[in-house]
Structures are given as C-alpha cells and as structure tokens.
Amino acid sequence: ALLPFILLGLYILICSLNLVNPYLIPRPAQLVDAFMELTGKGLLQQHIAQSLTRVSLGFGISLVLAFPLALLFYFYPTIAGYFSGTLHFLRATPPLALVPLLILWFGIGEASKLALIVLASFFPVFLNTLNGLQQVSPELLEMGDSLDLSSREKTLHILLPEALPSILTGARLAFGYSWRALIGAEMIAASSGLGYLILDAQELARTDRVFIGILSIGMLGLLLDSLSMFIFSRSFPWLSREGT
C-alpha cells in the first residue's frame with residue numbers, strides 16, 4: 001500500500017504548487033465535484049452496471065466454450081491437430097483489430113461487444129486449461145488405471161484437481177483481458193459503459209470526468225480481482241497452502 005500513497009502525495013504536491021495546467025491534471029476538488037455530479041445523477045452507477053453486465057456475459061460465454069474445447073483437445077489430440085493452425089491465427093490477431101468487422105457483422109449493439117470480449121478472454125482459459133491437463137503426472141494416471149477408474153472418474157478425481165491451478169490462473173487472466181477489451185469496444189461503438197463515459201468526457205473537454213472513468217476502471221479491476229482470489233482461496237484452500 002506504500003506506492004499508492006506516494007503517488008497520491010506527489011499528485012497533491014503537483015496540484016498545490018500549480019506545476020501542471022488543471023486541464024491536463026485536474027485538481028482534487030475538481031475530481032470530487034465531478035464524482036459527486038456523476039453519482040448524484042446516477043450516471044456513474046449506470047455506466048458501471050452496464051460494463052459489468054457485458055463483461056460477465058462475455059466472460060461466461062468464454063468459459064462455456066473454452067473449457068469443454070480444452071478437454072476435447074486433450075482427449076482427442078488428432079482433432080486438435082486439425083484446428084491448431086486456425087486457433088493460433090486467431091490468438092495472434094488482436095481482438096480490437098476485428099472491431100470494424102464485428103460492427104459490420106453484428107451491428108453496434110451488444111452482440112459485437114460480447115463477441116469482442118469472447119475473442120479476448122477465450123484463449124487464456126483454453127490454453128491454460130489444456131496446458132494444465134497436459135502437465136498432469138503420468139504416474140497419477142497409471143495409479144488411476146491400477147484402481148480400475150473409468151475415464152470419467154479419472155477426469156473428475158485426477159485430471160481436473162491437478163489442472164485446477166492452471167485453470168484458475170487462466171480464468172483470472174481471461175477476466176482481465178475481457179475487461180480491457182470491453183473498454184476498448186465501448187470507446188469505439190457504444191452509448192453506455194465506462195469506455196463511453198471516458199470518450200464522451202474527452203469530446204466535451206471534461207478531463208475531470210476522464211480521470212473519474214479511469215479511476216473507476218482501475219478500482220473495479222482491483223476489487224474484482226481481489227474478490228475472485230478470496231473466493232478461490234475459500235473454495236480451494238489447499239491451493240493457498242501450496243502457494244498457488
């Protein structure tokens with residue numbers, strides 16, 4: 001917590017000495033006034049709710065698609081060989097580069113934004129899940145065979161528990177990627193959300209509102225990441241003890 005307080009102190013010092021134009025770096029009083037104005041009218045809450053809804057839906061779709069596909073590729077490597085080139089091509093393509101096409105195909109509604117989130121968050125879940133499954137010790141699988149476990153039982157009691165740290169890491173990364181992709185989409189084609197709030201404030205030369213939007217994104221990201229880690233530690237306490 002030391003670094004944020006140091007940065008806050010530098011910010012207050014710069015403002016108090018008038019070292020920078022208030023248009024470039026708003027004064028604390030300006031930020032407070034802008035925050036009270038946005039929250040008083042309910043605008044900030046509406047934009048936050050809209051962004052969180054989009055991220056949750058897109059991230060959920062990514063989990064539903066990526067997790068079963070990783071299992072399919074693990075159990076059927078021949079199939080994986082047919083699609084590996086296409087998947088590597090999509091992974092190497094920045095999702096924001098596809099925004100014009102997504103808008104052309106799906107319009108400027110919610111579908112294009114959800115598609116962008118899915119493209120941004122799919123591969124962290126898919127690749128980390130597949131890598132976690134591939135790293136499971138063969139000795140553990142041989143032990144399952146010696147106990148006459150079925151494929152389903154080995155998956156539930158050996159593969160998934162062993163791959164769980166990688167799966168959770170992929171989910172954590174994917175949520176961060178989906179959040180960043182959403183903000184980019186909202187700054188290009190949207191009428192609500194935090195990205196739209198920032199772009200609209202920039203067009204109105206309201207730097208204070210731009211700062212409020214950026215701070216809201218950072219604080220929400222920090223809060224959601226901390227919440228997810230708390231849930232993971234409570235749900236899987238043995239991973240915390242192992243330092244995961």
Side-chain angles (χ1 to χ4, degrees), residues 43-73 83 86-133 160 163-200 213-232 235:
L43 295 176
L44 184 60
Q45 297 92 316
Q46 293 174 11
H47 290 307
I48 289 175
Q50 189 64 53
S51 293
L52 287 176
T53 300
R54 288 168 178 155
V55 166
S56 300
L57 287 174
F59 180 65
I61 293 173
S62 292
L63 291 180
V64 171
L65 294 176
F67 188 71
L69 188 62
L71 288 173
L72 178 67
F73 277 26
F83 292 95
T86 302
L87 290 175
H88 283 303
F89 173 82
L90 292 174
R91 183 171 64 89
T93 304
L96 288 178
L98 301 176
V99 168
L101 284 178
L102 295 177
I103 294 176
L104 180 64
W105 293 340
F106 301 108
I108 60 174
E110 297 301 310
S112 59
K113 299 174 186 59
L114 291 178
L116 185 65
I117 295 171
V118 171
L119 288 172
S121 58
F122 172 85
F123 286 101
V125 177
F126 169 73
L127 293 175
N128 278 274
T129 300
L130 182 59
N131 181 68
L133 293 171
L160 292 182
L164 187 58
S166 294
I167 295 172
L168 296 181
T169 298
R172 186 181 181 188
L173 291 173
F175 191 82
Y177 289 168
S178 63
W179 187 250
R180 286 186 288 179
L182 170 70
I183 299 303
E186 290 179 341
M187 295 182 72
I188 296 173
S191 58
S192 61
L194 290 172
Y196 169 77
L197 171 65
I198 293 174
L199 183 63
D200 184 61
I214 295 173
L215 290 173
S216 298
I217 293 170
M219 293 301 295
L220 280 172
L222 178 62
L223 177 63
L224 291 173
D225 186 69
S226 299
L227 179 62
S228 66
M229 293 305 297
F230 175 78
I231 294 174
F232 291 162
S235 303

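Counting from 1, the numbers follow the sequence of the chain as shown.
- Put simply, CZ on Phe106 and CG on Leu101 are 10.0 Å apart, with the number rounded to the nearest 0.5 Å.
- The CG atom of Leu224 sits 11.0 Å away from atom CE of Met219, with the distance rounded to the nearest 0.5 Å.
- Proximity of Leu71 to Leu160: side-chain heavy atoms (C-beta onward) are separated by under 4.5 Å at one or more points.
- Closest non-hydrogen pair, Gly58 versus Ser121, comes out as O-OG, 4.3 Å.
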Can you list the steps and then say if Phe123 with Tyr177 is a ring pair (Phe, Tyr, Trp, His ring centres under 6.0 Å)? CA-CA 10 Å; Phe123 286 101; Tyr177 289 168; over 10 Å; no

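- For the atom pair Gln50 CD and Leu182 CG, the distance stands at 9.0 Å (nearest 0.5 Å).
- Atom CG of Leu194 is separated from atom CG of Leu215 by 11.0 Å, given to the nearest 0.5 angstrom.
- Sequence neighbours left out, the pairs with a member in residues 47-66 that pass salt bridge (Lys or Arg N to Asp or Glu O under 4.0 Å) are Arg54-Glu110, Arg54-Glu186.
- Asn131 places no side-chain N or O within donor-acceptor distance of the main-chain N or O of Leu127, the cut-off being under 3.5 Å.
- Contact detail for Leu65 and Pro68: the closest heavy-atom pair is O-CD, 3.6 Å.
- Using modelled atom types, no side-chain atom of Ser51 and backbone atom of Ile48 make a donor-acceptor pair closer than 3.5 Å.
- Atom CD1 in Ile103 sits 7.5 Å away from atom NZ in Lys113 (nearest 0.5 Å).
- Considering every non-hydrogen atom in both Ile117 and Ser178, the closest pair reads CG2-CB, 3.3 Å.
- The shortest side-chain heavy-atom distance between Leu197 and Leu43 does not fall under the 4.5 Å cut-off.
- Two residues are said to be in side-chain contact when any heavy atoms from C-beta on lie closer than 4.5 Å; Leu87 and Phe126 meet this criterion.
- From Leu114, atom CG reaches atom OG of Ser62 across 9.5 Å, with rounding to the nearest 0.5 Å.
- Ala174 and Val125 make their closest contact through CB-CG2, 3.5 Å (heavy atoms, listed as atom of the first residue, atom of the second, distance).
- Between Phe59 and Phe175, the ring-plane angle classifies as perpendicular under the 30° and 60° cut-offs.
- For the pair Phe73 and Leu133, the minimum side-chain heavy-atom distance is 4.5 Å or more.
- The minimum heavy-atom distance between Phe122 and Ala66, with the atom names listed, is CE1-CA, 3.4 Å.
- In plain terms, the two heavy atoms of Thr129 and Ala70 that are nearest each other are CG2-CB, 3.6 Å.
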Would you please test Leu52 and Val55 for side chain to side chain contact (heavy atoms under 4.5 Å, CB included) and show each step? CA-CA 5 Å; Leu52 287 176; Val55 166; 5.6 Å; no

